[in-house]
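Computed from a predicted structure; not experimentally measured.
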Amino acid sequence: MTDPVYLLVCRACGTGDLIMPFGSAGERGKWAAAHTRGTGHESWFVRDQVQEVDEEADRP
């Protein structure tokens with residue numbers, strides 16, 4: 001099974017090591033819009049990544 005991870009890095013904050021993971025592209029977009037309104041930052045590194053989930057590891 002795979003779960004998508006939606007990543008965002010504001011290129012103006014820090015050294016680029018502040019990676020923000022989101023559960024959907026919509027959540028990521030809302031956060032980015034609010035961050036831009038609050039900071040004026042408009043440069044992003046965006047990546048959609050599919051991560052393999054080990055279902056056996058999730059079982060009790």
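- Taking both residues in full, the closest heavy atoms of Arg11 and Phe45 are given as NE-N, 3.6 Å, listed atom of the first, atom of the second, then distance.
- Linking Ile, Leu, Val, Met, Phe, Trp and Tyr whenever their side-chain heavy atoms come within less than 4.5 Å leaves Phe22 and Leu7 in two separate clusters.
- Residues satisfying the side-chain hydrogen bond (donor to acceptor under 3.5 Å, both in side chains) test with Thr36, not counting sequence neighbours, are none.
- Heavy-atom minimum distance, Ala32 versus Trp44: O-CZ2, 3.6 Å.
- Across all their heavy atoms, Tyr6 and Arg28 have their closest contact at CB-NH1, 3.5 Å.
- For the atom pair SG of Cys10 and CD1 of Ile19, the computed distance is 12.5 Å after rounding to the nearest 0.5 Å.
- Contact check for Glu27 versus Leu8: no side-chain heavy atoms found under the 4.5 Å cut-off.
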